[in-house]
There are 2 protein chains.
Amino acid sequence: MTVLQLRLNDNLSLKDPQSTELGEKIIKHSIPMIDQLGFEGFTFKKLSIEMESTEASIYRYFENKHRLLVYLISWYWAWLDYRIEYETHHLKNSLQKLDRALKLITEKKIQDNSFPDIDEEALARIVVAESDKIYLTKQVDEDNKEGLFRGYKSLCKNIARFVKEVNPDYPFPHALVTTALETANQQIFFAEHLPSLTELSEASDPYGRNYEFIRSFIYNSINAEG
Amino acid sequence: MTVLQLRLNDNLSLKDPQSTELGEKIIKHSIPMIDQLGFEGFTFKKLSIEMESTEASIYRYFENKHRLLVYLISWYWAWLDYRIEYETHHLKNSLQKLDRALKLITEKKIQDNSFPDIDEEALARIVVAESDKIYLTKQVDEDNKEGLFRGYKSLCKNIARFVKEVNPDYPFPHALVTTALETANQQIFFAEHLPSLTELSEASDPYGRNYEFIRSFIYNSINAEG
DNA sequence: TTTCCGTTGATAGTATTACTATCATTTGCC
DNA sequence: GGCAAATGATAGTAATACTATCAACGGAAA
């Protein structure tokens, strides 16, 4: 399988971590660490010890740990965006494209050999538990001006396009898609940690059930034939 | 207007802040401060200076600032829960009840004179920007065992009951309600800070439009007559 | 071959945060 | 008037989130 690189916004890092060995090491080691410690428990100090480097070196790539988190989450959205593009471009029917996108969003993520340094399973858990934190800050407007959320917006726009093609009269395509994207993660989190908040916790296959839930409310909203 | 008190879970605080003057002061001052500084920028040190007390005194009420945030958000959910109960118990029709609940969830919050120490407008902004952080932590399971999220669960359960009454066959009442509750806040945040993610940003009345968006996807999901 | 530039490492230092501990003082109430 | 509970005052600590400086190394250009 071909080894690929996703191109991300330059502002996410001070120096492109995909361009050097040390940069790759930062990405590679930070994913399992954030997954295990949680973002609040994760520090550059701990990361530097784990990867046998120094705090100072890490700071040469990322201004702070928040930027590193934004980078990782952005990578994830870019990855999803790419896979949706890849798996829908040959489909004729917009409803089929939408359906395929919803499947990709909700399915349990597994290792993608095209990106050997990234543990997509761990990264997907990070996205579930930490992704909202990248914009729920007081600097959200400045970060947005720097284009840090472009990846998420692109993904949203692309899926919203499918929605519009299925029903050009539906008045809330973007709102519906962001709801779906956020819900996809939230319901998985609830199923695991606050099970009384969702029926997914009772399912033998929560991911499949999540897909059914999200597909049903989207199809019903845009009056599509399921 | 009668001055009321909402009864919250004892585990939220070390000592009930509603039982003393100092406790009330903590609540009263922390709301505008978290609103303005954001939860990350807010500290007990700053709060103690603002309210002319000491860090040590605040720690006698709340183990840490995270608990204080959970307390405030829990108060908000209890307040909403109470108002939904209050404004629906006389209604005969379950669909009317659901509709009233959705209106209360989505409407712009204004000062409630029944609770003179709480600035509900500021608190509502805190809920929009910070509420997810109360459970998106590594201690979520322990916190949940202590019952810290009871308020949110109760609210969810009560609205889910309306959904079930409208359509007993709908398979995801709780998932649908948590989606609505989360979306209600998220879309308002997006409209303000990441406007390309939602159509609400184009509306002259984003709150009203939010209500329409959420009502439409709920009604369509449970096949109710709008 | 030498020079030099860019990358990394090593180390030190700082302000702030998130607490904990101790003791003194005040306040209400029996 | 005495006692306990609440609060204030103060100090201290480990960790965090950086910033700064200088040395070492390695490869490319002159």
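Throughout, a chain's letter reflects where its sequence line sits, starting with A, and its residues are numbered from 1.
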Ring-plane angle category for [X] and [Y], please: parallel below 30°, perpendicular beyond 60°, tilted otherwise.
| X | Y | answer |
| --- | --- | --- |
| H193(A) | F189(A) | tilted |
| F115(A) | Y82(A) | perpendicular |
| Y135(B) | F149(B) | perpendicular |

Rounded to whole Å, please give me the gap between [atom1] in [X] and [atom2] in [N].
| X | N | atom1 | atom2 | value |
| --- | --- | --- | --- | --- |
| Y61(B) | dG8(D) | OH | C1' | 13 Å |
| L47(B) | dT17(C) | CG | P | 13 Å |
| L37(B) | dT17(C) | CG | C1' | 14 Å |
| M33(B) | dT17(C) | CE | P | 11 Å |
| L22(B) | dT7(D) | CG | P | 5 Å |
| Y59(A) | dG9(C) | OH | P | 16 Å |
| K46(B) | dA15(C) | NZ | C1' | 12 Å |
| L14(A) | dT8(C) | CG | P | 13 Å |

Is there a donor-acceptor pair closer than 3.5 Å between any side-chain N or O of K46(B) and the backbone N or O of G41(B)?
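Here the side-chain-to-backbone pair exists.
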Side chain of R60(B), base of dG8(D): donor and acceptor closer than 3.5 Å?
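Side chain to base: pair found, below 3.5 Å.
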Side chain of [X] - closest among [options]:
| X | options | result |
| --- | --- | --- |
| A56(B) | dA9(D), dT17(C), dC18(D) | dA9(D) |
| K15(B) | dT16(D), dA17(D), dT7(D) | dT7(D) |
| T54(A) | dT10(D), dT16(D), dG9(C) | dG9(C) |

Which part of the nucleic acid does F62(A) contact within heavy-atom distance under 4.0 Å: base, sugar-phosphate only, or nothing?
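No contact.
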When all nucleic acid strands are considered with a 4.0 Å heavy-atom cut-off, which category describes K45(B): base, sugar-phosphate, or nothing?
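Result for K45(B) = nothing.
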Answer yes or no: does a side-chain N or O of S53(A) lie under 4.0 Å from OP1 or OP2 of dG9(C)?
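Yes, S53(A) has a side-chain N/O under 4.0 Å of OP1/OP2 on dG9(C).
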Given the rule in the salt bridge (charged side-chain N to carboxylate O under 4.0 Å, His left out) test, do R67(A) and E63(A) qualify, once you have shown the distances and angles that lead to the verdict?
CA-CA 6 Å; R67(A) 287 285 169 123; E63(A) 277 185 52; 3.7 Å; yes
